[in-house]
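Working notes for the structure below.
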Amino acid sequence: MSRDAIYTSEIHNNGFTFDDKVASVFADMINRSVPGYGQTLQMVELLAHQYAQQGSNLYDLGCSLGAATMALSRGASGKACSVIGVDNSSAMVERCQQLLKDEPVEIRCQDILETEIENGSVVVLNFVLQFVDSNERLNLLSRICRGLRPGGVLILSEKITFDDTDESLRQIALHEAFKRAQGYSDMEISRKRSALENVLVPETLNTHHARLQQAGFSLSHTWFQCFNFASMIAVK
Ligand code: GEK
């Protein structure tokens, strides 16, 4: 796995994009930046095992290098499901298709706002909705809900914010301590924070749950949280 050193020395004026440089170190970057990332993947497999319905479609929207796509595929094995990973970064998709070339999954280069969701039983948005324009989020979740079979689920993992300023500051400090413990320097942490400004737009758990309800899901709850990262499950 190539080590992420993108923010060690360079000046980044263009914000953050999922280009070839990011794709080439992405596995290392996400593992060392998102506390609990490995746990979310393990549980995507378990949740797919629990909720994948025979002969249905499973979607990993914003699949990057396909880690959650593989978790879906393993979790649903034996149920004749079609597993579809979608990402609009060609750098990610090319690597993903290469990495998963022997796996029974389809990887598409497409904007998830354009992906038709049909006959679904499990849809995953693993740290992706946070990059979607705020005005498009409800529409996307509504389309996902409509494309699910009854009893189907959405697994939604996100970086989150907090209404309480003190809690927010504490959780951000803990996340930064996590990144330092993973070997990132204060300079790298601060450059990455600036690059993600207005690119990754996090929201509170309350906002997410209210929107999931508005989108048509019958219930949702938070099954995981580590500092300012959380994962929810919403059931149609
Ligand atoms: C994982 N889920 O390893 N359409 C398609 N792809 C998009 C869009 C969009 N509109 N917006 C962002 N992406 C993965 C990790 S990373 C999370 C997901 C992170 C894609 C983008 O190209 C990138 O590959 C991914 O969403 C976000 O479980 O970097 O923090």
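Order of listing sets the numbers, starting from 1, for every ligand and every atom in it.
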Looking at Y37, which atoms of ligand 1 are within less than 4.0 Å of one of its heavy atoms?
-> 1 (C), 3 (O), 28 (O)
A student checking ligand 1 against Q110 at a 4.0 Å heavy-atom cut-off should list atoms 4 (N), 5 (C)
For the residue pair V34 and F127, what are the closest heavy atoms and their distance?
-> CG1-CZ, 3.6 Å
Out of F227, Y184, F229, which one pairs with H175 under the ring pair (Phe, Tyr, Trp, His ring centres under 6.0 Å) rule?
-> F229
Give a yes or no on whether L41 and V124 share a hydrophobic cluster (residues Ile, Leu, Val, Met, Phe, Trp, Tyr; joining criterion: side-chain heavy atoms under 4.5 Å apart).
-> yes
Atom indices of ligand 1, in the order listed, that fall short of 4.0 Å to a heavy atom of Q130 | 30 (O)
Would you mind checking which non-hydrogen protein atom is closest to atom 12 (C) of ligand 1, with the distance to 0.1 Å?
-> F131 CB, 4.0 Å
Which one of L65, L41, D87 has a non-hydrogen atom at the shortest distance from atom 20 (C) of ligand 1?
-> D87
Atom 17 (C) of ligand 1: nearest protein contact (heavy atom, Å) = F127 O, 3.0 Å
Could you list which atoms of ligand 1 come closer than 4.0 Å to a heavy atom of S89?
-> 22 (O)
May I ask you to identify the nearest protein heavy atom to atom 18 (C) of ligand 1, giving residue, atom name and distance to one decimal place in Å?
-> S64 OG, 3.2 Å
Just list the side-chain donor-acceptor pairs under 3.5 Å for residues 93-102, sequence neighbours left out, or say none.
residue	atom	partner	partner atom	Å
R95	NH2	D20	OD1	3.2
R95	NH2	D20	OD2	3.4
Q97	NE2	I107	O	3.0

Is any side-chain heavy atom of S89 less than 4.5 Å from a side-chain heavy atom of D19?
-> no
Could you list the atoms of ligand 1 found under 4.0 angstrom from a heavy atom of M92?
-> 24 (O)
Flag the pair R170 and D166 as a salt bridge only when some basic side-chain nitrogen lies within less than 4.0 angstrom of an acidic carboxylate oxygen.
-> no
For ligand 1, which atoms sit closer than 4.0 Å to a heavy atom of F26?
-> 15 (C), 16 (S), 29 (O)
Can you find an N/O atom of N126 closer than 3.5 Å to an N/O atom of ligand 1?
-> yes
In the protein, which heavy atom is nearest to atom 29 (O) of ligand 1, and how far is it?
-> F18 CE2, 3.2 Å
Looking just at side-chain N and O atoms, do T222 and H209 make a donor-acceptor pair shorter than 3.5 Å?
-> yes
Ligand 1 and I112, any nitrogen or oxygen pair closer than 3.5 angstrom?
-> yes
Do T207 and T204 have side-chain atoms, one donor and one acceptor, less than 3.5 Å apart?
-> yes
Please collect all salt bridge (Lys or Arg N to Asp or Glu O under 4.0 Å) contacts where either partner lies in residues 138-163, sequence neighbours excluded, each pair once.
-> none
For atom 10 (N) of ligand 1, what is the nearest protein heavy atom, given as residue, atom name and distance?
-> D111 OD1, 3.0 Å
Taking every non-hydrogen atom, the tightest pair across G62 and I112 | N-CG2, 3.7 Å
If you measure every N/O of G62 against every N/O of ligand 1, is any gap under 3.5 Å?
-> yes
Atom 7 (C) of ligand 1: nearest protein contact (heavy atom, Å) | N88 OD1, 3.2 Å
Does L113 reach ligand 1, in the sense of a heavy atom lying below 4.0 Å from it?
-> no
Do L58 and S121 have side-chain heavy atoms sitting under 4.5 Å apart?
-> yes
